[in-house]
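Accompanying notes for the structure given below.
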Number of protein chains: 2
Amino acid sequence: MSLTRMTPELLSVIAERFKAFAEPARLQVLYELKSGERTVTELVAATGLGQANLSKHLQQLYAAGVVSRRKEGLFTYYALADKDVLKMCDLMCGRLDRETSARRKALSAG
Amino acid sequence: MSLTRMTPELLSVIAERFKAFAEPARLQVLYELKSGERTVTELVAATGLGQANLSKHLQQLYAAGVVSRRKEGLFTYYALADKDVLKMCDLMCGRLDRETSARRKALSAG
DNA sequence: TGGTAGTGTTACTGAATCGGAATATAGTGA
DNA sequence: TCACTATATTCCGATTCAGTAACACTACCA
(Lines give C-alpha, C1' and ligand atoms only; values in the text may rest on other atoms or scores of the structure.)
Protein backbone atom coordinates (compact mmCIF):
# COMPACT_ATOMS: atom_id res chain seq x y z
CA MET A 1 0.00 0.00 0.00
CA SER A 2 2.88 2.30 -0.66
CA LEU A 3 0.99 3.59 -3.67
CA THR A 4 -0.15 7.15 -3.38
CA ARG A 5 -3.84 6.79 -4.08
CA MET A 6 -6.14 3.82 -3.58
CA THR A 7 -8.75 3.78 -6.31
CA PRO A 8 -11.34 0.99 -6.69
CA GLU A 9 -9.59 -0.09 -9.89
CA LEU A 10 -6.24 -0.33 -8.16
CA LEU A 11 -7.75 -2.30 -5.30
CA SER A 12 -9.19 -4.74 -7.82
CA VAL A 13 -5.86 -5.20 -9.53
CA ILE A 14 -4.08 -5.86 -6.24
CA ALA A 15 -6.81 -8.26 -5.16
CA GLU A 16 -6.43 -10.13 -8.44
CA ARG A 17 -2.73 -10.57 -7.78
CA PHE A 18 -3.34 -11.96 -4.32
CA LYS A 19 -5.99 -14.24 -5.74
CA ALA A 20 -3.30 -15.90 -7.83
CA PHE A 21 -1.68 -17.10 -4.58
CA ALA A 22 -4.97 -17.96 -2.89
CA GLU A 23 -5.33 -21.50 -4.18
CA PRO A 24 -3.72 -24.74 -2.97
CA ALA A 25 -3.24 -26.02 -6.51
CA ARG A 26 -1.49 -22.85 -7.62
CA LEU A 27 0.67 -22.75 -4.50
CA GLN A 28 1.67 -26.31 -5.22
CA VAL A 29 2.74 -25.27 -8.69
CA LEU A 30 4.80 -22.40 -7.27
CA TYR A 31 6.37 -24.82 -4.83
CA GLU A 32 7.39 -27.08 -7.70
CA LEU A 33 8.78 -24.17 -9.72
CA LYS A 34 10.94 -23.21 -6.77
CA SER A 35 13.67 -25.55 -8.01
CA GLY A 36 13.55 -24.38 -11.60
CA GLU A 37 11.48 -24.21 -14.75
CA ARG A 38 9.15 -27.07 -15.66
CA THR A 39 7.04 -28.16 -18.58
CA VAL A 40 3.32 -28.67 -18.20
CA THR A 41 3.72 -32.43 -18.41
CA GLU A 42 6.34 -32.37 -15.68
CA LEU A 43 4.02 -30.30 -13.51
CA VAL A 44 1.15 -32.70 -14.14
CA ALA A 45 3.34 -35.54 -12.91
CA ALA A 46 4.68 -33.60 -9.93
CA THR A 47 1.38 -32.22 -8.71
CA GLY A 48 -1.13 -34.89 -9.66
CA LEU A 49 -3.43 -32.25 -11.12
CA GLY A 50 -5.35 -32.88 -14.33
CA GLN A 51 -3.79 -31.44 -17.45
CA ALA A 52 -6.70 -29.15 -18.32
CA ASN A 53 -7.00 -27.98 -14.76
CA LEU A 54 -3.29 -27.31 -14.44
CA SER A 55 -3.20 -25.50 -17.76
CA LYS A 56 -5.89 -23.15 -16.56
CA HIS A 57 -4.10 -22.48 -13.30
CA LEU A 58 -0.94 -21.72 -15.25
CA GLN A 59 -2.79 -19.21 -17.39
CA GLN A 60 -4.00 -17.48 -14.24
CA LEU A 61 -0.53 -17.40 -12.75
CA TYR A 62 0.84 -16.05 -16.00
CA ALA A 63 -1.88 -13.41 -16.31
CA ALA A 64 -1.11 -12.32 -12.75
CA GLY A 65 2.57 -11.99 -13.60
CA VAL A 66 3.55 -14.64 -11.09
CA VAL A 67 5.18 -16.99 -13.58
CA SER A 68 6.94 -16.52 -16.90
CA ARG A 69 6.82 -18.90 -19.83
CA ARG A 70 8.94 -19.90 -22.76
CA LYS A 71 7.91 -22.04 -25.68
CA GLU A 72 10.32 -24.54 -27.13
CA GLY A 73 8.91 -26.79 -29.80
CA LEU A 74 5.96 -28.66 -28.41
CA PHE A 75 6.81 -27.78 -24.85
CA THR A 76 6.04 -24.75 -22.75
CA TYR A 77 8.42 -24.11 -19.90
CA TYR A 78 7.03 -22.25 -16.91
CA ALA A 79 9.15 -20.57 -14.25
CA LEU A 80 8.74 -18.18 -11.35
CA ALA A 81 8.59 -14.62 -12.64
CA ASP A 82 10.98 -13.20 -10.05
CA LYS A 83 12.38 -13.60 -6.54
CA ASP A 84 9.56 -11.65 -4.93
CA VAL A 85 7.19 -14.51 -5.61
CA LEU A 86 9.01 -16.67 -3.10
CA LYS A 87 9.52 -13.71 -0.79
CA MET A 88 5.77 -13.35 -0.72
CA CYS A 89 5.24 -16.98 0.19
CA ASP A 90 7.99 -16.86 2.80
CA LEU A 91 6.42 -13.83 4.38
CA MET A 92 3.08 -15.60 4.61
CA CYS A 93 4.68 -18.77 5.95
CA GLY A 94 6.59 -16.72 8.49
CA ARG A 95 3.32 -15.31 9.74
CA LEU A 96 2.00 -18.84 10.03
CA ASP A 97 5.08 -20.05 11.86
CA ARG A 98 4.93 -17.31 14.45
CA GLU A 99 1.26 -17.89 14.92
CA THR A 100 1.45 -21.62 15.44
CA SER A 101 4.41 -21.34 17.79
CA ALA A 102 2.56 -18.64 19.73
CA ARG A 103 -0.43 -20.95 19.95
CA ARG A 104 1.79 -23.79 21.11
CA LYS A 105 3.26 -21.55 23.77
CA ALA A 106 -0.19 -20.46 24.89
CA LEU A 107 -1.32 -24.08 25.14
CA SER A 108 1.68 -25.23 27.14
CA ALA A 109 1.29 -22.21 29.40
CA GLY A 110 -2.29 -23.40 29.74
CA MET B 1 7.72 -21.77 1.26
CA SER B 2 10.50 -22.01 3.72
CA LEU B 3 8.56 -24.71 5.50
CA THR B 4 10.12 -28.12 5.35
CA ARG B 5 7.27 -30.19 4.00
CA MET B 6 4.34 -29.15 1.84
CA THR B 7 1.31 -31.22 2.77
CA PRO B 8 -2.14 -30.66 1.23
CA GLU B 9 -3.35 -29.38 4.60
CA LEU B 10 -0.56 -26.85 4.83
CA LEU B 11 -1.19 -25.67 1.29
CA SER B 12 -4.83 -25.13 2.20
CA VAL B 13 -3.94 -23.09 5.26
CA ILE B 14 -1.55 -20.89 3.30
CA ALA B 15 -4.11 -20.44 0.54
CA GLU B 16 -6.67 -19.39 3.14
CA ARG B 17 -4.34 -16.71 4.41
CA PHE B 18 -3.75 -15.33 0.95
CA LYS B 19 -7.48 -15.41 0.34
CA ALA B 20 -7.91 -12.90 3.15
CA PHE B 21 -5.96 -10.40 1.04
CA ALA B 22 -7.62 -11.36 -2.23
CA GLU B 23 -10.63 -9.06 -2.05
CA PRO B 24 -10.94 -5.34 -2.86
CA ALA B 25 -13.24 -4.72 0.10
CA ARG B 26 -10.83 -6.34 2.54
CA LEU B 27 -7.83 -4.55 1.05
CA GLN B 28 -9.73 -1.31 1.47
CA VAL B 29 -10.23 -2.13 5.14
CA LEU B 30 -6.52 -2.84 5.57
CA TYR B 31 -5.75 0.43 3.82
CA GLU B 32 -7.94 2.28 6.30
CA LEU B 33 -6.40 0.49 9.27
CA LYS B 34 -2.97 1.59 8.08
CA SER B 35 -3.36 4.83 10.03
CA GLY B 36 -4.56 3.21 13.24
CA GLU B 37 -7.35 1.24 14.84
CA ARG B 38 -10.95 1.88 13.85
CA THR B 39 -14.42 0.92 15.04
CA VAL B 40 -16.83 -0.88 12.73
CA THR B 41 -18.93 2.26 12.36
CA GLU B 42 -15.88 4.29 11.38
CA LEU B 43 -14.95 1.66 8.82
CA VAL B 44 -18.48 1.66 7.43
CA ALA B 45 -18.21 5.41 6.92
CA ALA B 46 -14.70 5.26 5.50
CA THR B 47 -15.27 2.42 3.08
CA GLY B 48 -18.91 2.80 2.09
CA LEU B 49 -19.48 -0.90 2.65
CA GLY B 50 -22.68 -2.18 4.22
CA GLN B 51 -22.43 -2.91 7.95
CA ALA B 52 -23.30 -6.60 7.67
CA ASN B 53 -20.98 -7.05 4.74
CA LEU B 54 -18.14 -5.29 6.49
CA SER B 55 -18.69 -7.26 9.65
CA LYS B 56 -18.29 -10.49 7.74
CA HIS B 57 -15.13 -9.27 6.07
CA LEU B 58 -13.75 -8.31 9.46
CA GLN B 59 -14.48 -11.79 10.80
CA GLN B 60 -12.57 -13.27 7.89
CA LEU B 61 -9.62 -10.95 8.42
CA TYR B 62 -9.63 -11.78 12.11
CA ALA B 63 -9.88 -15.51 11.50
CA ALA B 64 -6.93 -15.23 9.12
CA GLY B 65 -4.89 -13.42 11.77
CA VAL B 66 -4.60 -10.31 9.64
CA VAL B 67 -6.29 -7.96 12.10
CA SER B 68 -6.64 -7.87 15.88
CA ARG B 69 -9.64 -6.64 17.80
CA ARG B 70 -10.45 -5.09 21.14
CA LYS B 71 -13.87 -4.55 22.66
CA GLU B 72 -14.61 -1.42 24.60
CA GLY B 73 -18.19 -0.94 25.67
CA LEU B 74 -20.41 -1.06 22.66
CA PHE B 75 -17.55 -0.62 20.24
CA THR B 76 -15.15 -3.07 18.69
CA TYR B 77 -11.82 -1.61 17.62
CA TYR B 78 -10.02 -3.36 14.78
CA ALA B 79 -6.34 -2.90 13.98
CA LEU B 80 -3.66 -4.48 11.80
CA ALA B 81 -2.29 -7.58 13.52
CA ASP B 82 1.36 -6.77 12.82
CA LYS B 83 3.78 -4.99 10.52
CA ASP B 84 4.04 -7.91 8.11
CA VAL B 85 0.51 -7.23 6.92
CA LEU B 86 1.63 -3.99 5.32
CA LYS B 87 4.90 -5.56 4.23
CA MET B 88 2.84 -8.10 2.33
CA CYS B 89 0.82 -5.40 0.60
CA ASP B 90 3.92 -3.36 -0.17
CA LEU B 91 5.58 -6.38 -1.70
CA MET B 92 2.59 -6.95 -3.94
CA CYS B 93 2.37 -3.26 -4.84
CA GLY B 94 6.08 -3.26 -5.60
CA ARG B 95 5.52 -6.06 -8.06
CA LEU B 96 2.77 -4.03 -9.65
CA ASP B 97 4.90 -0.88 -9.81
CA ARG B 98 7.75 -2.63 -11.56
CA GLU B 99 5.36 -4.29 -13.94
CA THR B 100 3.52 -1.15 -14.98
CA SER B 101 6.73 0.82 -15.38
CA ALA B 102 8.15 -2.04 -17.44
CA ARG B 103 5.03 -1.96 -19.58
CA ARG B 104 5.32 1.80 -19.95
CA LYS B 105 8.90 1.40 -21.02
CA ALA B 106 7.96 -1.32 -23.51
CA LEU B 107 5.24 0.88 -24.95
CA SER B 108 7.43 3.93 -25.34
CA ALA B 109 10.17 1.76 -26.83
CA GLY B 110 7.69 0.06 -29.12
C1' DT C 1 -37.37 -1.92 33.13
C1' DG C 2 -37.56 -0.29 28.48
C1' DG C 3 -35.24 1.79 24.70
C1' DT C 4 -31.44 2.57 21.76
C1' DA C 5 -27.01 2.06 19.42
C1' DG C 6 -23.10 -0.89 17.87
C1' DT C 7 -22.03 -5.21 16.31
C1' DG C 8 -22.62 -10.04 14.93
C1' DT C 9 -25.40 -13.74 12.59
C1' DT C 10 -28.54 -16.06 9.40
C1' DA C 11 -30.96 -16.90 5.05
C1' DC C 12 -31.02 -15.97 0.45
C1' DT C 13 -29.58 -14.72 -4.37
C1' DG C 14 -26.53 -13.95 -8.16
C1' DA C 15 -21.82 -14.23 -9.68
C1' DA C 16 -17.45 -16.33 -9.75
C1' DT C 17 -14.62 -20.52 -9.75
C1' DC C 18 -12.68 -25.24 -9.45
C1' DG C 19 -12.31 -29.70 -11.64
C1' DG C 20 -13.15 -32.95 -15.39
C1' DA C 21 -14.41 -34.50 -20.15
C1' DA C 22 -14.24 -33.50 -24.63
C1' DT C 23 -12.42 -30.84 -28.16
C1' DA C 24 -9.25 -27.65 -30.50
C1' DT C 25 -4.67 -26.04 -31.75
C1' DA C 26 0.09 -26.31 -32.91
C1' DG C 27 4.53 -28.51 -33.57
C1' DT C 28 6.97 -32.81 -35.04
C1' DG C 29 8.23 -36.69 -37.70
C1' DA C 30 7.22 -40.42 -41.10
C1' DT D 1 -0.44 -35.57 -46.03
C1' DC D 2 -1.29 -38.35 -41.76
C1' DA D 3 -0.57 -39.62 -37.14
C1' DC D 4 1.08 -38.36 -32.67
C1' DT D 5 2.29 -35.45 -28.72
C1' DA D 6 2.11 -31.28 -25.76
C1' DT D 7 -0.65 -27.68 -24.54
C1' DA D 8 -4.75 -24.68 -24.60
C1' DT D 9 -9.74 -23.93 -24.67
C1' DT D 10 -14.66 -24.80 -24.17
C1' DC D 11 -18.57 -26.64 -21.89
C1' DC D 12 -20.71 -28.32 -17.84
C1' DG D 13 -21.99 -29.56 -12.89
C1' DA D 14 -20.92 -28.56 -8.23
C1' DT D 15 -19.24 -25.54 -4.88
C1' DT D 16 -17.92 -21.20 -2.95
C1' DC D 17 -18.44 -16.41 -2.02
C1' DA D 18 -19.86 -11.34 -1.93
C1' DG D 19 -23.67 -8.50 -0.92
C1' DT D 20 -28.17 -7.51 1.22
C1' DA D 21 -32.10 -7.68 4.31
C1' DA D 22 -33.84 -9.17 8.44
C1' DC D 23 -33.05 -10.52 12.87
C1' DA D 24 -30.32 -11.53 17.34
C1' DC D 25 -27.33 -10.05 20.86
C1' DT D 26 -25.11 -6.98 24.11
C1' DA D 27 -23.81 -2.80 26.49
C1' DC D 28 -25.31 1.50 27.88
C1' DC D 29 -28.62 5.02 29.59
C1' DA D 30 -33.11 7.17 31.09
Side-chain angles (χ1 to χ4, degrees), chain A residues 8-33 36-79, chain B residues 8-33 36-79:
Chain A
E9 293 76 25
L10 193 45
L11 285 170
S12 289
V13 175
I14 302 175
E16 283 303 314
R17 300 315 175 89
F18 273 114
K19 215 172 286 186
F21 291 83
E23 244 283 332
R26 289 193 286 271
L27 287 176
Q28 199 182 356
V29 169
L30 297 182
Y31 183 69
E32 287 300 326
L33 293 180
E37 64 176 10
R38 295 277 187 280
T39 69
V40 177
T41 306
E42 286 170 340
L43 287 172
V44 165
T47 62
L49 298 170
Q51 181 268 321
N53 190 19
L54 176 59
S55 187
K56 281 191 294 189
H57 282 305
L58 287 170
Q59 304 312 309
Q60 288 183 251
L61 289 171
Y62 181 72
V66 181
V67 303
S68 62
R69 72 177 153 198
R70 167 175 81 81
K71 283 201 96 168
E72 190 173 316
L74 272 179
F75 301 90
T76 309
Y77 289 87
Y78 285 89
Chain B
E9 294 75 25
L10 193 45
L11 286 171
S12 288
V13 175
I14 302 174
E16 283 303 314
R17 299 313 175 92
F18 272 114
K19 215 172 283 183
F21 291 84
E23 242 284 331
R26 289 194 285 272
L27 288 176
Q28 199 182 355
V29 170
L30 297 183
Y31 184 68
E32 287 302 325
L33 293 180
E37 64 175 11
R38 296 276 187 281
T39 68
V40 177
T41 305
E42 287 170 338
L43 287 173
V44 165
T47 62
L49 297 170
Q51 181 268 319
N53 190 20
L54 176 59
S55 188
K56 279 195 300 186
H57 282 306
L58 287 170
Q59 304 312 311
Q60 287 181 253
L61 289 171
Y62 181 71
V66 181
V67 303
S68 62
R69 71 178 154 198
R70 167 175 81 81
K71 282 202 100 170
E72 189 173 316
L74 272 179
F75 302 89
T76 308
Y77 290 86
Y78 284 89

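Numbered from 1 within each chain, the chains take letters A, B, ... in sequence-line order.
Using a 4.0 Å heavy-atom cutoff across all strands shown, B:Thr41 reaches sugar-phosphate atoms only and no base atom. B:Tyr62 comes within 4.0 angstrom of no nucleic acid atom, judged by non-hydrogen atoms across all strands.
In this structure, B:Leu54 places its CG atom 9 Å from P of C:dG8, rounding to the nearest Å. The interatomic distance linking B:Arg38 (CZ) with C:dT7 (P) rounds to 13 Å, in whole Å. With rounding to whole Å, A:Asn53 atom CG is found 14 Å from D:dT9 atom P. Residue B:Leu58 contributes atom CG, which lies 11 Å from atom P of C:dT9 at whole-angstrom precision. D:dT5 atom C1' lies 8 Å from atom CZ of A:Phe75, rounded to whole Å. What separates CZ of A:Arg69 from P of D:dA6 is a distance of 18 Å, to the nearest Å. Atom CD in B:Glu42 sits about 11 Å away from atom P in C:dG6, given to the nearest Å. Per the geometry, CD belonging to B:Gln51 stands 12 Å off P belonging to D:dA21, to the nearest Å.
Residues B:Glu37 and B:Glu42 approach most closely at O-OE1, 4.4 Å, considering heavy atoms. Considering every non-hydrogen atom in both A:Ala25 and A:His57, the closest pair reads CB-NE2, 3.7 Å. Of all the heavy atoms in B:Leu58 and B:Val67, the pair that sits closest is O-CG2, 4.3 Å. Here the closest non-hydrogen pair linking A:Tyr78 and A:Leu33 is O-CD2, 3.4 Å.
Listed candidates were C:dC18, C:dG8, D:dA8. Nearest to the side chain of B:Ser55 is C:dG8. Taking the side chain of A:Thr76 as heavy atoms from C-beta on, and the options D:dA6, C:dT7, D:dA8, the nearest nucleotide is D:dA8. Considering only the side chain of B:Ala52, D:dT20 comes nearest among D:dT20, D:dA27, D:dA18. Between C:dG8, D:dA6, C:dG6, one nucleotide has an atom nearer to the side chain of B:Leu74 than all others, and that is C:dG6. Residue B:Ala25 places its side chain closer to D:dG19 than to any other of D:dG19, D:dT26, D:dA8. Taking only side-chain atoms of A:Lys19, from C-beta outward, the nucleotide of D:dT7, C:dT9, C:dT17 with the closest atom is C:dT17.
Nearer to the 5' terminus of DNA chain C, by closest-nucleotide assignment, is the contact made by A:Gly50 (compared with the other of A:Gly50 and A:Glu72).
For B:His57, a side-chain nitrogen or oxygen approaches OP1 or OP2 of D:dG19 to under 4.0 Å. Dashed line: the shortest gap from a side-chain N or O of A:Tyr78 to OP1 or OP2 of D:dA8 is under 4.0 Å.
Below the 3.5 angstrom threshold, one finds no donor paired with an acceptor across the side chain of B:Lys56 and the base of C:dT7.
Put simply, the side chain of A:Glu32 reaches to within 4.5 Å of the side chain of A:Thr47, judged on heavy atoms.
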